[in-house]
Asks: 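Quick one: this structure, given as structure tokens, is what I'll be asking you about.
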Amino acid sequence: MQHVTLNNGVVMPSVGFGVFRIPEDQAQRAVEDALEAGYRLIDTAAVYRNEQAVGRAVAAGGIARDELFVTTKVWVQHGGEAATKAAFDRSLGRLGLDYVDLYLIHQPFGDYYGSWRAMEQLNRAGQVRAIGVSNFLPDRLVDLILHNEIVPAVNQIETHVFFQRAGDAAVMREYGVQHESWGPLAQGGRGFFDDPLLAGIARAHGRSVAQIALRWLLQRGVVVIPKSVRPDRMAENIDVFDFELTDDEMARIATLDTGGSDARDHRDPAFARWIGTTRFDI
Ligand code: NAD
């Protein structure tokens, strides 16, 4: 496993396991399998409603706590200082942990400045080793940095071969924010697994399309958290450290960029309305 060192010195694995949309009743098995496959970074969120299952898997896995890197996230409805602290306590309880490694603001909506102040306090108190954000476009990221004390350690944003985010990456580099990709396999959309360019490079290396796309992100310095409930695919997605894409292959993959998302548009008022008014039992 390779690692990156965050802007506060905390060391984070470069490949982790995401649990979005894995139902609570399957998530324990999936995380146990992922730990068995060698994953040490687990990415969950309060709104995924599977933190308890992640916690049970971590407890059952018997891996030393300091070898694990657990990420969770605060949802929009718990924006603001007091609500974020209470939401954090609930997440910690569900996970059965006494600290988390990385706590993220899930979305740049609602009172996320209040949330950030709470997270700065949690960080200073040692309850969270690193704090960061997710889905922040560069303008929101820079504004948050300018008006607060702690610079986010991570920004987790949709990033894959079809939506490469080079401009976002440049801003993150400038401010020392680690780029983390969600949806590194394009969530299987847009013909990802059948893409002829990726398939050709995969054949040349005797690898899978998934491995090529993950390797491409890693060579750009991006942390990846692919998801699968199948142990064979978990093993495949973490087996990406013993080959290298050439400069020419990196450049050819760069031509796949469409500059946009099929998943969601954070500038769409309808999305802001949905995210600001939908309530979850979390
Ligand atoms: P992903 O890009 O990891 O794709 C997952 C899909 O690819 C699944 O359908 C899976 O069955 C398939 N797959 C995985 N490995 C495969 C392989 N080797 N061969 C063939 N098919 C394979 O999508 P994702 O789960 O949405 O993203 C990964 C993680 O990112 C999530 O689980 C979650 O932790 C995080 N995430 C965060 C946000 C956010 O707003 N912060 C949003 C979405 C996802």
Side-chain angles (χ1 to χ4, degrees), residues 12-24 26-27 30-31 33-34 37 39 41-51 53-54 57 69-76 91 100-109 112 132-137 140-141 152 154-165 168 178-195 198-199 202 207-218 222-240 261-266 271 274-275 278 280:
M12 176 180 192
S14 293
V15 179
F17 183 67
V19 298
F20 181 42
R21 289 193 181 129
I22 304 184
E24 168 79 20
Q26 291 173 37
V31 174
D33 287 344
Y39 291 84
L41 157 57
I42 308 296
D43 182 89
T44 185
V47 80
Y48 298 171
R49 286 173 286 178
N50 56 21
E51 286 172 312
V54 170
F69 191 100
V70 178
T71 302
T72 193
K73 314 182 189 91
V74 61
W75 188 243
V76 182
S91 282
V100 299
D101 296 278
L102 179 63
Y103 197 39
L104 302 179
I105 293 179
H106 204 145
Q107 296 281 355
F109 294 99
Y112 57 85
V133 297
S134 179
N135 296 302
F136 273 51
L137 294 170
R140 297 294 82 214
L141 181 65
V154 168
N155 186 17
Q156 182 186 111
I157 56 174
E158 179 183 3
T159 313
H160 46 74
V161 293
F162 302 133
F163 189 23
Q164 302 189 1
R165 318 295 297 258
D168 298 69
Q178 174 63 45
H179 185 169
E180 183 177 24
S181 150
W182 67 251
L185 308 175
Q187 302 186 304
R190 304 196 209 185
F192 174 83
F193 290 107
D194 300 316
D195 182 83
L198 295 176
R207 296 287 174 153
S208 69
V209 163
Q211 288 173 318
I212 297 301
L214 294 170
R215 182 71 209 176
W216 176 79
L217 286 163
L218 291 170
V222 180
V223 169
V224 297
I225 44 171
K227 177 197 71 183
S228 173
V229 292
R230 285 177 42 171
D232 57 333
R233 289 179 174 168
M234 292 177 192
E236 179 184 321
N237 295 344
I238 204 174
D239 180 19
V240 287
S261 170
D262 271 7
R264 61 195 62 133
D265 177 0
H266 283 84
F271 182 62
W274 176 81
I275 220 164
T278 310
F280 295 91

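We count ligands from 1, going down the list as the structure has it; atoms in each ligand are counted the same way. Here the structure is a predicted model, which means the values were calculated and not measured. Numbering starts at 1 and runs along the sequence shown.
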Asks: For ligand 1, which atoms, with element, lie under 4.0 Å from some heavy atom of Phe193?
Replies: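 Once the distances to Phe193 are compared, the set is 7 (O), 13 (N), 19 (N), 20 (C), 21 (N), 22 (C).
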
Asks: Taking atom types as modelled, find out whether Ser261 and Glu158 have a side-chain donor-acceptor pair closer than 3.5 angstrom.
Replies: yes

Asks: Does Pro184 have a non-hydrogen atom less than 4.0 Å from ligand 1?
Replies: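 Flag set, Pro184 near ligand 1.
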
Asks: Does an N or O anywhere in Ser181 fall below 3.5 Å from an N or O of ligand 1?
Replies: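 No, no N or O pair falls under 3.5 Å.
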
Asks: Taking only heavy atoms of Ala186 into account, list the atoms of ligand 1 that are under 4.0 Å away from them.
Replies: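 Contacts of ligand 1 toward Ala186, numbered from 1: 2 (O).
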
Asks: Is there a nitrogen or oxygen of Ala210 sitting under 3.5 Å from a nitrogen or oxygen of ligand 1?
Replies: no

Asks: Apply side chain to side chain donor-acceptor pair (under 3.5 Å) to residues Thr159 and His179 and explain how you reach the verdict.
Replies: CA-CA 9 Å; Thr159 313; His179 185 169; 2.8 Å; yes

Asks: Check each of Leu185, Ile225, Val15 against Asn237 using the side-chain contact (heavy atoms from CB on, under 4.5 Å) test, and report the only one that passes.
Replies: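 That would be Leu185.
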
Asks: By number and element, which atoms of ligand 1 are closer than 4.0 Å to a non-hydrogen atom of Gly18?
Replies: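 By the 4.0 Å cutoff, the relevant atoms are 29 (C), 31 (C), 32 (O), 34 (O).
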
Asks: Would you find a donor on one side and an acceptor on the other, under 3.5 Å apart, between the side chain of Asn50 and the backbone of Ala53?
Replies: no

Asks: Do the rings of Phe271 and Phe109 sit parallel, tilted or perpendicular, given the 30° and 60° boundaries?
Replies: perpendicular

Asks: Of the side chain and backbone of Val209, name the one, both, or neither that has a heavy atom under 4.0 Å from an atom of ligand 1.
Replies: neither

Asks: Mark up the atoms of ligand 1 that fall under 4.0 Å of a heavy atom belonging to Ser228, in ascending order.
Replies: 14 (C), 15 (N)

Asks: Specify the closest pair of heavy atoms between Gly188 and Phe193, including all atoms of both residues, with the distance to one decimal.
Replies: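 Shortest heavy-atom contact: CA-CE1, 3.6 Å.
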
Asks: So between Arg21, Arg233, Glu158, Met234, whose heavy atom ends up nearest atom 20 (C) of ligand 1?
Replies: Arg233

Asks: So which protein heavy atom does atom 23 (O) of ligand 1 come closest to, and at what separation?
Replies: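 Sorting protein heavy atoms by distance from atom 23 (O) of ligand 1 puts Gln187 CG, 3.4 Å first.
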
Asks: Quick one: closest heavy-atom pair of Trp182 and Ser134, and the distance?
Replies: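 Of all heavy-atom pairs spanning Trp182 and Ser134, the closest is CD1-OG, 4.3 Å.
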
Asks: I'd like to check which ligand 1 atoms, numbered from 1 as shown, lie under 4.0 Å from a non-hydrogen atom of Gly183.
Replies: 1 (P), 2 (O), 23 (O), 27 (O), 28 (C), 30 (O)

Asks: Considering the options Arg140, His106, Gln107, which one meets the side chain to side chain donor-acceptor pair (under 3.5 Å) requirement together with Tyr112?
Replies: Arg140

Asks: Where the closest heavy atom to atom 29 (C) of ligand 1 is concerned, which of Asp239, Val19, Ile225 has it?
Replies: Ile225

Asks: Where do Arg215 and Val240 come nearest, in terms of heavy atoms and distance?
Replies: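 Minimum heavy-atom contact is NH1-O, 2.8 Å.
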
Asks: Please check this pair: side chain of Tyr39 against backbone of Met234, looking for a donor-acceptor N/O pair closer than 3.5 Å.
Replies: yes

Asks: Give yes if a backbone or side-chain nitrogen or oxygen of Pro226 is under 3.5 Å from a nitrogen or oxygen of ligand 1, and no if not.
Replies: no

Asks: Could you measure the distance from the CD atom of Glu236 to the OG atom of Ser208? Nearest 0.5 Å is fine.
Replies: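 Separation between the atoms: 3.5 Å.
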
Asks: Among all protein heavy atoms, pick the one closest to atom 15 (N) of ligand 1 and tell me residue, atom and distance.
Replies: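 The closest heavy atom on the protein side is Asn237 ND2, 3.0 Å.
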
Asks: Suppose we measure from atom 2 (O) of ligand 1 to each protein heavy atom; which comes out shortest, and what is that distance?
Replies: Leu185 N, 2.8 Å

Asks: Run the numbers for me: atoms of ligand 1, each under 4.0 Å from some heavy atom of Asn135, listed by number.
Replies: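 Going through ligand 1 atom by atom, the ones under 4.0 Å from Asn135 are 39 (C), 40 (O), 41 (N).
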
Asks: Examine ligand 1 and decide if any of its atoms is less than 4.0 Å from a heavy atom belonging to Tyr48.
Replies: yes

Asks: Tell me which one of Phe192, Phe17, Phe20, Trp182 gets a heavy atom nearest to atom 30 (O) of ligand 1.
Replies: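 Among Phe192, Phe17, Phe20, Trp182, the closest heavy atom to atom 30 (O) of ligand 1 belongs to Trp182.
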
Asks: Between the side chains of Gln156 and Asp43, is a donor N or O closer than 3.5 angstrom to an acceptor N or O?
Replies: yes

Asks: If you measure from atom 25 (O) of ligand 1 to every heavy atom of Glu180, Lys227, His160, which option wins on shortest distance?
Replies: Lys227

Asks: Does any N or O of ligand 1 fall below 3.5 Å from an N or O anywhere on Lys73, backbone included?
Replies: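 The answer is no, given that Lys73 and ligand 1 share no N or O pair closer than 3.5 Å.
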
